[in-house]
Protein chains: 2
Amino acid sequence: MTHGIDEVARVAGVSTATVSRALRGLPNVSPITRKRVEAVARDLGYVASPSAASLASGRTRTIGLLTPWVNRWFFANVIEGAERSLRAVGFDALLYTFDIAREVPRRPVDPSVLRHRVDGVLVVGLPLTDLEVEALEGLDRPVAFVGTGRDDHLTVRLDDHEAGVQATEHLVGLGHRRVGHVTGTPDEEHSWSPPSGRRQGWSEVLRAAGIEPEAGWEVNGHFDIQGGRTSTHALLDAHPEVTAVFAASDEMAMGAILAARDRGLRVPEDLSVVGIDGHDLGELVGLTTVSQDASGQGSQAARLLLDLIAGRGEPSLVVHPTVLVERASTAAPRA
Amino acid sequence: MTHGIDEVARVAGVSTATVSRALRGLPNVSPITRKRVEAVARDLGYVASPSAASLASGRTRTIGLLTPWVNRWFFANVIEGAERSLRAVGFDALLYTFDIAREVPRRPVDPSVLRHRVDGVLVVGLPLTDLEVEALEGLDRPVAFVGTGRDDHLTVRLDDHEAGVQATEHLVGLGHRRVGHVTGTPDEEHSWSPPSGRRQGWSEVLRAAGIEPEAGWEVNGHFDIQGGRTSTHALLDAHPEVTAVFAASDEMAMGAILAARDRGLRVPEDLSVVGIDGHDLGELVGLTTVSQDASGQGSQAARLLLDLIAGRGEPSLVVHPTVLVERASTAAPRA
DNA sequence: CTGTTAGCGCCTTCAA
DNA sequence: TTGAAGGCGCTAACAG
């Protein structure tokens, strides 16, 4: 039951080196030899041992997916897209979730487990600190970011500022003036983080409309449904004058709708709600949103990362478009 | 920059074998030696090469997650739970999605890419054919199933038949008699597949109530929102007499609600809808459902699989409970 | 408790 | 175009 490369070599009547070359599609193998080797390998059910191949070659044909969550809309879809791109070229996707507690500052991400495990790393959705990025670079492997803006690295994301602008302009255009904001966990140190960008879009649009956003209009929804719900309650407790809420994700927006319902407020008559994402269930819920293509971002980032690994292309910044989708959760405020 | 085990050994003044033993927590290492080795390894930032360790030991400390989808509620949550259990003991999760086209029969899953890559395989949610299971066993590694009932293997799932019974009895109890069913892709060959079990529960409850389910009352929703929507339209086109729909997943149930809305039907006044899952957004949508703990199933299955790998425990069947959660999508039919 | 010594299975120069 | 041979970095016997 060895079924190692030498078994194939013996049966095919060639050397192990030739088997290796033939099966990996390298040039310098005669077509006849290659066919024969391939046939023998198939017959024997031979599959090269990845450990042995990695050890000898230094390449793992594996990409590490570094993500805080796998069961949230954006993350699940990015992972889906990335995995599809990787699988298409025979690369594996290794899942690394790092617990993000709700405390600030969180425990730093330690990428050392990835050492010698991956040919590249795809960071999904979480703004890393400079120290964490440095640690990642210590792995000496290409790194790509999706949905979070390290513009000095290969990055695929949307224009968070613009998304915040689109959402808020929609509300202001409907006549809202007291617009609350449910943010994710904004990172004060990184103005380029998605929550920060979205918040800036919000505050700038308000100011441009002659409205000075009050400090209490902004609450932290931790990027999930319950967080959106809880924080919207806090927002409305303190600021009942608010007539509209812009949430930095659809899941938090859905939490905001739940909060409104808890309080006997009608959406959109008493409270307008807009999110960001384009969640699959947005239509059912009637959620107005600024939509993005998460799975497309994931697959493109994976492809660009593979290019980088192969020595093709340079680290670049790809900004995906966002589109406002108007549904039933927003309307003009009541007179 | 070798930073290999021999570097650590040299600096610590011991042999590589001792370093290996010390860092892996094996016995037969004096506490003093272990401390010293650990300190040196930390200072040098040494992390063992997984390829080399796998090659030498035959173990990969990696589990393959075989799943058709990563961005559907059940699957995303099982993966989340499994990854958490694995990470806790230093195992990696390797993601393998296999495309499930909507054609029947689908292309067989080929597990040969997993050869030498994993210490065990966790199959999530898809009923495999006997041939596919055989191929999996050819890997000579423990296999576990989540959410699909290979009862001859380690399996963690719910009682699909009972779930179908709970959902249908709820509807019949409300007075419904013409109850449609949106199934996933039922596998005629495997009576134990989730869609089949849920369907059987449905038809048995109807028969017990003296109702013979018509062939056209059952449609295939392919386990997603759009499939649920499309198939519910087809169902209601052909059978407008139906007053309630039992969908085999919450996502399909949400599609059914969308279809009802498309047709100007009110839920639950004109059409009652019940699903299975306990989707996070069920509350927002007001969906009555038979809920299950997907992430708990994932983490438990991973733990049991690790036990099997470690030679502890036997393949067993764990059936998780389901609970009917009544919400606003079901009510008595109109007179 | 610790060191020595073979490999694990493949890739990759270097020669032919 | 192919073969021979060394080595990738670690683990696991076995000896001491």
Side-chain angles (χ1 to χ4, degrees), chain A residues 1-38 40-41 44-62 90 112-119 139-140, chain B residues 1-38 40-41 44-62 90 112-119 139-140:
Chain A
M1 161 52 199
T2 158
H3 276 6
I5 198 174
D6 45 5
E7 177 103 356
V8 178
R10 199 175 49 68
V11 175
V14 295
S15 72
T16 61
T18 298
V19 172
S20 177
R21 287 188 281 248
L23 294 181
R24 284 182 299 149
L26 296 190
N28 306 338
V29 179
S30 81
I32 313 98
T33 306
R34 191 189 303 275
K35 289 283 176 244
R36 183 152 35 92
V37 170
E38 284 171 345
V40 171
L44 263 48
Y46 169 74
V47 179
S49 154
S51 322
S54 302
L55 187 56
S57 71
R59 278 168 252 115
T60 62
R61 297 191 72 79
T62 300
S112 70
V113 285
L114 290 169
R115 178 147 303 196
H116 301 145
R117 289 238 73 162
V118 299
D119 291 345
L139 298 176
D140 215 37
Chain B
M1 163 55 197
T2 159
H3 276 8
I5 197 174
D6 44 5
E7 176 104 358
V8 178
R10 198 174 50 68
V11 175
V14 295
S15 72
T16 61
T18 299
V19 172
S20 177
R21 287 188 283 248
L23 295 181
R24 284 183 298 150
L26 296 190
N28 306 337
V29 179
S30 82
I32 313 98
T33 306
R34 193 189 302 276
K35 288 285 175 241
R36 184 153 33 92
V37 170
E38 284 170 345
V40 171
L44 264 48
Y46 168 74
V47 178
S49 154
S51 325
S54 302
L55 187 56
S57 71
R59 282 169 250 113
T60 62
R61 298 191 71 80
T62 301
S112 70
V113 285
L114 291 169
R115 177 147 305 200
H116 300 144
R117 288 239 74 164
V118 298
D119 291 345
L139 297 177
D140 215 36

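Naming: A, B, ... by sequence-line order, numbering from 1 per chain.
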A:D119 backbone acceptor or donor facing A:T60 side chain under 3.5 Å |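 Side chain of A:T60 to backbone of A:D119: a pair is present.
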A:T33 side chain to A:V29 main-chain N or O, any donor-acceptor pair under 3.5 Å?
->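 No, because the side chain of A:T33 does not come within donor-acceptor range (under 3.5 Å) of the backbone of A:V29.
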From C-beta outward on [X], which listed nucleotide comes closest to its side chain: [options]?
X     : options               : result
B:T18 : C:dT2, C:dG9, C:dC11  : C:dT2
A:L55 : C:dC11, D:dC14, D:dC8 : D:dC8
B:A17 : D:dC10, C:dC11, C:dG3 : C:dG3
A:S20 : D:dT11, C:dC11, D:dG3 : C:dC11

For [X] and [N], give me the distance from atom [atom1] to atom [atom2], rounded to whole Å.
X      : N      : atom1 : atom2 : answer
A:D6   : D:dA5  : CG    : P     : 15 Å
A:R24  : C:dG9  : CZ    : C1'   : 13 Å
B:R59  : C:dG9  : CZ    : P     : 14 Å
A:H116 : D:dG9  : NE2   : P     : 7 Å
A:L26  : C:dC10 : CG    : P     : 15 Å
A:I5   : C:dC8  : CD1   : C1'   : 14 Å
A:R117 : D:dG9  : CZ    : C1'   : 14 Å
B:L23  : D:dT11 : CG    : C1'   : 13 Å

Donor-acceptor pair between A:S15 and A:T18 side chains, under 3.5 angstrom =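 Yes, side-chain donor-acceptor contact under 3.5 Å.
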Is it true that the side chains of B:S30 and B:R34 contain a donor and an acceptor less than 3.5 Å apart?
->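 No - no donor-acceptor pair under 3.5 Å links their side chains.
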For DNA chain C, whose closest nucleotide is more 5', that of B:A52 or that of B:G13?
->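 Its nearest nucleotide being more 5', the pick is B:G13.
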Using a cut-off of 4.0 Å on non-hydrogen atoms, how would the nucleic acid contact of B:A48 be classed: base, sugar-phosphate, or nothing?
->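 Sugar-phosphate: the residue B:A48, judged by heavy atoms under 4.0 Å, touches backbone atoms but no base.
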When all nucleic acid strands are considered with a 4.0 Å heavy-atom cut-off, which category describes A:R21: base, sugar-phosphate, or nothing?
->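 Base: the residue A:R21, judged by heavy atoms under 4.0 Å, touches a nucleobase.
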Heavy-atom side-chain contact between B:H116 and B:L139 under 4.5 Å =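 Heavy-atom side-chain distance check fails, nothing below 4.5 Å.
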A:R21 vs A:V37 side-chain heavy atoms within contact, under 4.5 Å |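 When only atoms from C-beta onward are counted, A:V37 and A:R21 do not touch, as no gap falls below 4.5 Å.
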Let me know which of A:V19, A:V40, A:D6 forms a side chain to side chain contact (heavy atoms under 4.5 Å, CB included) with A:V11.
->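 Among the candidates, only A:V40 passes.
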Is there a residue in residues 27-35 of chain A whose heavy atoms reach under 4.0 Å of DNA chain C, and which residues are they?
->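 DNA chain C contact set from residues 27-35 of chain A: none.
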Can you check whether A:S15 has a side-chain N or O nearer than 4.0 Å to OP1 or OP2 of D:dG3?
->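 For D:dG3, OP1 or OP2 has a side-chain N or O of A:S15 closer than 4.0 Å.
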